[in-house]
Structure formats: C-alpha cells, structure tokens
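Each residue takes its place number in the sequence, starting with 1. These figures come from a predicted structure and were not determined experimentally. Any value given below was found using the heavy atoms of this structure, including those in side chains, with hydrogens, waters and symmetry copies removed.
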Amino acid sequence: MPEPTAPPNSRRTSLTARSIVIWSLVALAGAAGWTVLAVSRGEEISAAWMLAAALGSYAIAYRFYSRFIANRVLKVDKTRATPAERLDNGVDFHPTDRRVLFGHHFAAVAGAGPLVGPVLAAQMGYLPGTIWIIVGVIFAGAVQDMVTLFFSTRRDGRSLGQMARDEIGPFGGAAALIAVFAIMIILLAVLALVIVNALAHSPWGVFSIGMTIPIALFMGVYLRVLRPGRVTEVSVIGVALLLLAIVAGGWVAESSLAGTFTLEPGTLVIWMIVYGFLASVLPVWMLLAPRDYLSTFMKVGTIVLLAVGVFVALPTLKMPAVTDFASRGDGPVFAGSMFPFVFITIACGALSGFHSLVSSGTTPKMVQKETQIRMIGYGAMLTESFVAVMAMITASIIDPGLFFAINSPGGVIGTTVQSASEAVSNFGFTISPDQLAKAAADVEEASLLSRTGGAPTFALGMSEIFSAVVGGTAMKAFWYHFAIMFEALFILTTVDAGTRVGRFMLQDMLGNVHKPFRQVSWKPGVWIASAVVVGGWGYFLWVGVHDPLGGINQLFPLFGIANQLLAAVALAVCTTLLVKSGRLKWAWVTGVPLAWDVAVTLTASWQKIFSDDPRVGFFAQRDKYQAGIDSGQVLPPAKSMDDMHTVVTNSTVDGVLSALFALLIIVVIADAGRVCYRAVTRPADVRLSEAPYTESRIVAPAGLIPTAEEKAELAAAGLGPEGGVRGGGTGGQAPAGTGSR
C-alpha cells in the first residue's frame, strides 16, 4: 500500500529569526538543568534545576517532535470528519470543545501513578527516575497516547483490544482482548483502593470531592441547555464553585456535620461502585466530561502553584542523585535492581498502558478535529509527566532518613521512633527519634512511620514547599491535609473514565458474538457491560478493603508489570498499523519504544517468576512461606497460620498470572510481527478497518489558542473562537459548542 500523501491543508512552517532565538534560549535552559543534575554528586542542589530540565525538554519535544509525528508520520487531516461528528448521538459520541476534552483526557489518564510512582522510585535516587520520566514521556508515553488516539479516531473510536483483533487477526487479537480486559480490571481496582484509603475517615475530602459531582452536572446542563458553547464562562463559574467546595470541606470537618461525612472504607466502596456505574451510563456531556474538565483546573492549578513554590522557596534536593539501593537491589521500599524495576515503578508520567485505553475509549469519540489529537494526546501526557516530576521533587526535598521511615514497612523499621531511627541508620541515613516525632506533630499526625504507598510522602513534600511560601510551620498541617484531599480527587477521575472505557471494551468484545453490543449506546448493552465492569473491580475492591491479604491486595503486586505489558500491546498495535498503512519508514516512532518496553517488562516478568530471592520472585516467596508452614513458624506480614496459607496462595496466583500475562503479550507481539512482515512483502493483500473518508463541516482550532490562520478561517465561516459547524453556528452541543450536524 502506498504511503498516504499529505493532506492539502497541512501546514509547513519555517522558523523565523525571533523563533530561533527563543527556542535556543529554551534549549539552553533545559541543557543547563540537565548539566547540573548530571554532574552534581555528594551535594545538595536546588530543585529548580530539575524543573528547568523538564520544562525545557517538554517545550522542545512538543514544538518539534510532536509536530513532526502529527504532520509527517500520521498526516492528520482537518478536512476529515471524526467519529464524534459523523456518529454524534449525544451520549458517547459527541464533538467536544478541545479545551474541555483536553481536561477530560488529562483527568482520565492522570491517576495515582504520577503522584506515587516517582515517590517510590526515589529510593534509587532522584536521577534515574527523573531521566526516565522526561525521556520516557517524550519518546514513548506521549507517542503512544497520540498515535493510539489517532488510529482509534480513524476507526470510529474502537477500543485497543478490538483494534488488535481487527488489524492483527483473531489469534493475536483474542490474546490482546483477554489480556487488556483482565489487566484493566486490576488497574481500576488498585486505583479505587488508593482512593478509599485516602478518603476513609476524612470528612473534608469526602465533602469536597462529593460536591464536584453536582457542580459537574450543573456545568453540563449549563453548556447544553442554558448557555450552549460558553466554555470560558462556565469555566469561571465551575472553578469558583470548586474552590468554595474545598474551603467548605474544611468548615464541614470542624462542624457537627463531620460525622455525616466521615465514612468507613466499606461504605466508600459502595458509593464508588454506584458512582462508577452512573458515570459509565449517563451521557458523556452530563457528568464525565465536565467533571474531568473541572478536576483539571484543580489538578493543573495545584501543580503549577507547586512549581511556582519551588522557584520561590528554592528547596534543595536532599536525596542523593543515585543511592546504593540502585546497584544492590535490596531497598526497603521495593526490592529489585534499578533495571528493570525503576521503569516498572514509574509508569504514569513516563509510559503507561492504561492511557491507551482512554486514547481508544472515551476521547476518540469526542474529538472534534484530527488536528487536535496532537494537543490532546501528546500535550496531556506531557502535562502528566510534569506532575510526575513534581512528585519526584516532593520526595527528594525531604530528609532521606524521614523518607525511608515513611516508606519502609513496619516489619523493617518497627513501630516506634526509636526502632525506626536505628533501622534507617542501617540504610546509611540518619534521623533522630525526636526529628521523627516532630515531623508527625508538624502535620498533626500521630505518626508518619510506615505510611507506605507514596501518597503521604507526596503530601509531606508538598506541605514543605507551600508552607515555605505561605504560612510557615503553622500552616504545614493545613497543606498536608489539603494535599491528601487533592490526591484523592486526582485519582477518582481515572476510575470513572476507566469504567466507561471498560464498558466500551467489553461491548466490543461481546459484539464479536452478539452484534448489537457493538452499538456502544445500545441501552441493554450499556447497562449490562457497565454492571459487569463495576462488578469486577468492585468485587476485588470490596474484598481487599475487608481482608488485608485478599481481593485486590492479592493482585496489587501485579499492578506495575501489568500496566507496562498493556503499553506493549498498544505500541505493537500502533506499529502494526503504521506498517499496514504504508508508513514503514516511520515505524521506528513506535517500534523503538516498543522494543524498550518489551525488554523492560519481560525482564521484570522473568525475575518475578524465576528469581530465587523471596523479596522479588513470587514462587520463591511461596516456597519461603510454605517452609514456614511446614516448620510451624509465622513469618511477617502474616499474623497467623491462616495468613501464612493466604500468602502462599497469593504468591502462587501472582506468579501464575505474571506468566500468563507475559505469554499473552508474547503471542500478541509475535502475531503482530507476522502481520507486519506480510504487509511489507505482500502489500496488495493489506486490508485496513479504517472508516471511509467523510468531509468535515466543523471548523475549530487545533490548539488551546487559535493561530492567526485559524482565526481567519473561523471568521470566514462566521464562527467565534470556540468554533462550530460551518454555516450552523456553535450547534448548542455542550460541553462542545460544536455538536449538531
């Protein structure tokens, strides 16, 4: 098949002298940041250098590399109608204003990963994780998100698993469908568990987050019925109401209503299941898109303020650039060597397979123009990566001794400040019992020991930065608890969007057996598929909340590897589609990150299955606890002989599933290789499932701010800056402002 020709509307821009000067300065700033990070050893440097390296790299990558991929590799075409325009039904398919959709996409993909993964990876030092976050997102993560979004948009918003089946074939496609759906259920349950742990017994968090739902419903109705297309207007109102809800949450926590909003974990699970179901079945304009858009203001606004705080307070990076744990592989936070486990621990922010589900789920059904795919796919991922950089900074500016006291399990450091101080000294760092007690008292916590999972560390680092700028030590407790609530809000938007994506995926799968399921807005299919998805992750969550060793706790160790194996599926599908569509010379764009991801994930899988270190290998852990059972010993974290048997079962299940997932991915990649070889050697036989070309009637900018060329085009069509249907105004489709045809 011949390589697609460039669309007639493709823009070719050249750099002016002014642009050359500006981009040279950006490059120098980024290079200076990288230089300081690379050469500094044994000394504390300002965290601002890390920000300079990140921001300079992001700016250059977005301006040049993402434009190259969009215009040269993918050849996005603004004259081609997207499925949102062609199939608009006001429920799932709905042309959505690019700003709202950017907010939805970012909120949907930015969950727990960018907040906690870098914190945990800081065990190896700040440098390995920072390099992976920035380099990984530029050449792998953002590429995966954008290319997956493009190909799904060209295929009526098909899910990743269904695209694999359509383009690779029934054998590899079936393996992909099974692997993707199973992994997705695990990911959603893990994310939901993090939210439950964050919101349990927190009236402030429950009230503030709960209020985002009626605010989002109001925004949806406002844009669709009251003031169609007024995105800027409703944004101001929504942000004001959100800030009021956050402040009011603090009032509620101190009032007689605190008991009403203080919920047990089991109660939170029920409410989350109900919310996940409703978010999956309601029209996308009514709840999901406006709530994610609203949450983005909170997410991005807080992170930007945190970055400003870094430049103002100029905190230093106290964590070494590279710790001894990077080479020894016996860290107390997680066991394993730097390669491959830093690249598994840090997924979201660098490369995350979960993102491909959103890029082939809700977003392709709402994008107005193909030209917006660059901003939404690549740009949102860069934004999430910046969140991960800020998380790395928050973990690295606190005292290393305090970091390891917070993130090491109780079985390693004990339960008292004295035992923790002694244990940390054995790691090569020092912190006194009084310092540990004071750190907890400053944030009004009884103890910070063994507050594992990354979230408390991020909150503590965030409170250090904000209190240095506003309020001093007296405000540290406020900022700490604000950060905990912020993290819960950050993660919840991933669960609701993920549930809807899971519904799309299950409907695609069932549609291979019963065709009506393929109509993603067919009501019986919507309800059945939504119930199955929330029932799946809800079951594992419910059991995990009530049994510390059961439910999702049993599958939690699979989270990182499963997520990165999912990225391998997405990159394999994208590479196959590049080859099949006549873009063989550009297949390296996704092929190189695919090769890297396969090397990382299969190495990690091999070690988790076959390592004889019980801290790393699942079967080695099983043998250790089985030996304990045989000798009548109870080994931590087990507290009874029943717990010992549960650990043996969990280790066996995790080992078997690791082997199964790795095998399924190998099947997908091998079958994809076969298809690519056939496409190259027999191009006349290539068949694509791409939807036929239909001319678009929508006129809308590609980026957040219209260019001069786009302004002229909008004016010629008689439209405002929001865009709309040519000759039809804004169309009154909220939150798009461009919906009806």
Side-chain angles (χ1 to χ4, degrees), residues 50 54 106 109-137 140-142 144-145 183 186-188 190-195 197-198 299 303 306 319 323 325-326 331-356 381-396 398 403 406-407 451-462 483 486-488 490-491 494-495 498 556-567 597 600-601 604 608:
M50 188 181 293
F106 169 74
V109 301
L115 296 177
V116 301
V119 171
L120 302 180
Q123 167 184 267
M124 303 291 190
Y126 65 77
L127 190 57
T130 300
I131 293 174
W132 169 234
I133 290 169
I134 299 173
V135 176
V137 73
Q144 172 205 247
D145 292 15
I183 290 171
I186 294 173
L187 299 184
L188 289 175
V190 169
L191 294 172
L193 181 64
V194 176
I195 298 169
N197 290 337
K299 292 181 176 184
I303 293 300
L306 194 59
M319 184 69 70
T323 68
F325 297 123
V333 180
F334 63 91
S337 56
M338 184 176 72
F339 179 88
F341 289 106
V342 160
F343 309 100
I344 295 294
T345 304
I346 300 177
C348 294
L351 171 64
S352 170
F354 179 81
H355 293 196
S356 66
M381 183 57 192
L382 288 185
T383 307
E384 191 202 42
S385 183
F386 185 60
V387 174
V389 169
M390 295 310 303
M392 180 63 75
I393 288 175
T394 60
S396 302
I398 65 176
F403 171 88
I406 295 173
N407 290 284
R451 297 291 297 274
T452 57
T457 304
F458 177 86
L460 187 65
M462 187 170 165
F486 162 77
E487 289 175 295
F490 210 102
I491 300 165
T494 303
V495 175
F556 196 96
L558 297 173
F559 178 81
I561 292 178
N563 188 39
Q564 298 303 67
L565 287 173
L566 188 56
D597 187 51
V600 168
T601 51
K608 297 300 286 185

For the student: nearest non-hydrogen atoms of A388 and C348, plus distance:
CB-O, 4.4 Å
In Å, rounded to the nearest 0.5 Å, how long is the span from CE of M124 to CZ of F334?
4.0 Å
Taking all heavy atoms of P114 and all of A391, pick out the closest pair and write down the distance.
O-CB, 3.3 Å
In short, A604 meets F341 closest at the heavy-atom pair CB-CE2, 4.1 Å
State which residues pass side chain to side chain contact (heavy atoms under 4.5 Å, CB included) with A110; sequence neighbours excluded, sorted by chain then number.
F106, K299, E384, F490
By the side-chain hydrogen bond (donor to acceptor under 3.5 Å, both in side chains) test, which pairs, at least two apart or in different chains, include something from residues 343-352?
S352-N563
Quick one: does D597's side chain get under 4.5 Å of F343's, heavy atoms only?
no
Any side-chain heavy-atom pair from I393 and L306 closer than 4.5 angstrom?
no
Does any non-hydrogen side-chain atom of M50 lie less than 4.5 Å from one of V389?
yes
To the nearest 0.5 Å, how far apart are CG in L565 and CD1 in I344?
7.0 Å
Distance (rounded to the nearest 0.5 Å) between L566 CG and T601 OG1:
11.0 Å
Run the side chain to side chain contact (heavy atoms under 4.5 Å, CB included) test on Q123 and N407 for me, step by step, so that the C-alpha distance in whole Å, both residues' side-chain angles and the decisive distance to 0.1 Å come before the verdict.
CA-CA 9 Å; Q123 167 184 267; N407 290 284; over 6 Å; no
Indicate yes or no: at least one non-hydrogen side-chain atom of V116 is less than 4.5 angstrom from one of F458.
no
Would you say that F403 contacts L460 through its side chain, given a criterion of any heavy-atom pair below 4.5 Å between the two side chains?
no
With a 4.5 Å cut-off on side-chain heavy atoms, are I183 and F354 touching?
no
Looking only at heavy atoms, what is the nearest atom pair of I346 and Q564, with distance?
O-NE2, 4.2 Å
To the nearest 0.5 Å, what is the distance between CG on L120 and OG1 on T457?
7.5 Å
Might you point out which heavy atoms bring R451 and P456 nearest each other, and give the distance in Å?
O-CG, 3.5 Å
Under 3.5 Å, side chain of H355 to main-chain N/O of V109, donor-acceptor pair present?
yes
Residues at least two apart in sequence or cross-chain that pass side chain to side chain contact (heavy atoms under 4.5 Å, CB included) with S385, listed by chain then number, are Y58, I133, V137
For M462 and T394, work out which heavy atoms get closest and say how close.
N-CG2, 3.9 Å
